[in-house]
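The structure appears right after this line, and notes come after that.
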Amino acid sequence: MGGLVARTAARPDLPDPVRVAGGDGLLFGRADVEALAGRGEVARLAPSDAAELLAAAEVDDPVDRPGTGPVALGALPFHPDAPAEVVVPALVVRRGPDGSGWVTTVGTTDAPPADPAAVDLTPWATDPPPGPGPGRFAVESVRAPSAWTDAVGRATARIRAGELDKVVLAREVRVEADADLDVAAVVRRLARGFPGCYAFSVDGFVGASPELLVARAGDQVQAQPMAGTAPRRGDPVADADAVAGLRASPSYRQEHQVTIDAVYDGLLPFCSFLDFEPEPSVVTLPNVTHLATTVRGQLSSPAAGILELVAALHPTPAVCGRPRAAALAAIAELEGFDRGPYAGAVGWLDRHGNGTWAVAIRCATVRGPEARAYAGNGIVGDSDPATELVETRAKLQAILGVLVRP
Ligand SMILES: C=C(O[C@H]1C=CC=C(C(=O)O)[C@@H]1O)C(=O)O
C-alpha cells in the first residue's frame with residue numbers, strides 16, 4: 001500500500017451519518033456534538049500505526065477542523081494488554097454540531113480517492129423501509145442473578161478487608177432471536193433514542209454511551225467521568241428524590257470521587273491547566289440518572305495526542321476500579337466472562353492527534369441472530385448487592401429495549 005491520500009469537501013446536502021453507517025459501516029457520534037460515519041476500509045491497523053499513517057497523509061482539506069480530513073475509528077478492548085485495531089475508512093461523512101457537513105474520501109498514492117464533492121449521497125437520503133425482522137427472542141442472564149450478587153458480596157468483603165477501594169463488576173445478558181438482528185435499525189434506535197449519548201457501531205459492537213472518556217481539540221482537553229447511578233421511575237418527584245439520595249450518599253460520593261481523582265491525576269501530567277467542577281452534575285438519560293463531573297484543561301506544548309491521553313486514562317475506575325491492578329485481578333476472578341470491547345474505549349482520531357473517545361458502555365455485540373449485552377456497577381465497601389442488581393437491570397434496559405422488538 002502507498003501512503004494515504006485524502007480529499008475533503010463541505011457538503012450542505014449531508015445525510016444523517018447514522019444512516020450512512022448503516023449496519024456494516026462505522027459510526028461514532030452524539031447529535032449535539034459531532035457525528036462521524038465511515039464506509040469502506042483503506043487500512044485496519046494498530047492505533048499507534050494509524051496515527052503515524054494519518055500524520056504522513058497527503059491531504060487536501062480546506063476545512064481543517066478537528067475530525068475533518070482522514071480519520072481512524074475503532075473500539076479498543078477493555079483489557080489494556082489485549083490487541084487493538086482501528087479502521088481508516090475510504091469514505092468519511094462528518095456532521096458538526098451546527099449541522100454543517102463534510103465528506104472526505106481516502107485512498108492511496110496507488111489508488112487515489114474520488115472527488116468528495118461528487119460522491120453520490122442519495123442512497124442515504126432516507127431510512128430504508130423496515131424489514132420483517134425477528135419475531136421471537138430469548139433473553140437470559142448468562143450467569144444467574146444470584147451468582148452475580150454473590151460475586152458483589154465477595155467484592156465488598158475484599159474491599160472491607162482493605163485489598164482494594166473499588167471494583168466494577170459487570171453482567172452479561174444473551175439475546176437469541178429467530179432471525180438475524182438488524183444492526184442498522186438497532187443503531188438508528190440508539191442514536192435517536194439517546195441523543196445525549198455517543199452512539200457507536202464498530203464491527204457489530206453497538207451502543208449509546210453517556211460517558212466521555214477524553215476529547216482533544218488542539219490544546220483543549222475534556223473528560224466527563226461518571227459514577228453513581230439511580231434508576232429512573234418515570235415520576236419527576238421520585239426521580240428528584242433519587243438524585244438527592246445519590247448526592248447525599250457517602251457510598252456513591254466515594255465511588256464517584258475515586259473516578260474523578262483517577263481522571264484528574266491521569267490528565268495532569270499532560271496539562272498546563274486542569275480543573276474540574278466542584279460538585280458533580282446530574283446527567284439524566286431515559287432509563288437512569290448519573291453523577292458526572294466535567295474535567296477541562298489546556299495541554300502543555302507540544303500537546304499530547306489523543307491516543308496518549310486515552311492510554312493514560314483507560315481503564316478508569318468507572319469501569320475497572322482502584323487500585324487498577326487489584327481491580328483487574330478481581331474482575332478476572334469474580335466476573336466470569338471476557339469483556340472484549342465492553343468497557344473499552346470507542347472513538348476516532350485525526351491526523352493532528354485530535355479525537356473524541358467515549359467509555360464503551362450501554363452496549364452489545366451483535367452477531368447474526370445473537371447479541372450479548374453488558375452492564376456493570378462500581379462496587380465499594382458498603383455497596384448492597386440487591387441494589388446493585390437493580391441498577392444493572394436499569395442500565396441494561398437501554399440496549400435491550402432497542403434489540404428486542406418482536
Ligand atoms: C460500567 C458501567 O457504568 C459506569 C458508568 C456510569 C456509572 C456507573 C455506576 O454507577 O456504577 C459505572 O461506573 C456500565 O454501564 O456498564
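Atoms within each ligand, like the ligands themselves, are counted from 1 in listed order.
Relative orientation of the Phe28 and Tyr198 rings is parallel, given thresholds of 30° and 60° on the angle between their planes.
One side chain, Thr8 or Thr104, offers a donor N or O that lies under 3.5 Å from an acceptor on the other.
Residue pairs meeting the side-chain hydrogen bond (donor to acceptor under 3.5 Å, both in side chains) criterion with at least one member in residues 305-316, sequence neighbours excluded, do not occur.
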Listed pairs under 3.5 Å, donor-acceptor, residues 200-211 side chains, sequence neighbours left out:
residue : atom : partner : partner atom : Å
Asp203  : OD1  : Arg44   : NH2          : 3.2
Asp203  : OD2  : Arg44   : NH1          : 3.0
Asp203  : OD2  : Arg44   : NH2          : 3.4
Ser209  : OG   : Glu211  : N            : 3.1
Ser209  : OG   : Val359  : O            : 2.6
Glu211  : OE2  : Met226  : N            : 3.1

Table please: side-chain donor-acceptor pairs of residues 166-177 below 3.5 Å, with sequence neighbours left out.
residue : atom : partner : partner atom : Å
Lys166  : NZ   : Glu255  : O            : 3.2
Lys166  : NZ   : Thr259  : OG1          : 3.0
Lys166  : NZ   : Pro317  : O            : 3.0
Arg171  : NH1  : Thr392  : OG1          : 3.0
Arg171  : NH2  : Ser141  : OG           : 3.1
Glu172  : OE2  : Arg372  : NH1          : 3.2
Arg174  : NE   : Glu370  : OE2          : 3.0
Arg174  : NH1  : Glu140  : OE2          : 3.3
Arg174  : NH2  : Glu176  : OE1          : 2.4
Arg174  : NH2  : Glu370  : OE2          : 3.4

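Under a cut-off of 6.0 angstrom, the local environment of CZ in Arg296 is sparse, with at most 12 non-hydrogen atoms contributed by other residues, nucleotides or ligands.
The residues lining ligand 1, counting any heavy atom closer than 4.0 Å, are Val168, Glu211, Met226, Ala227, Gly228, Thr229, Glu255, His290, Ala318, Tyr342, Ile361, Arg362, Ala375, Gly376, Asn377, Gly378, Glu391, Lys395.
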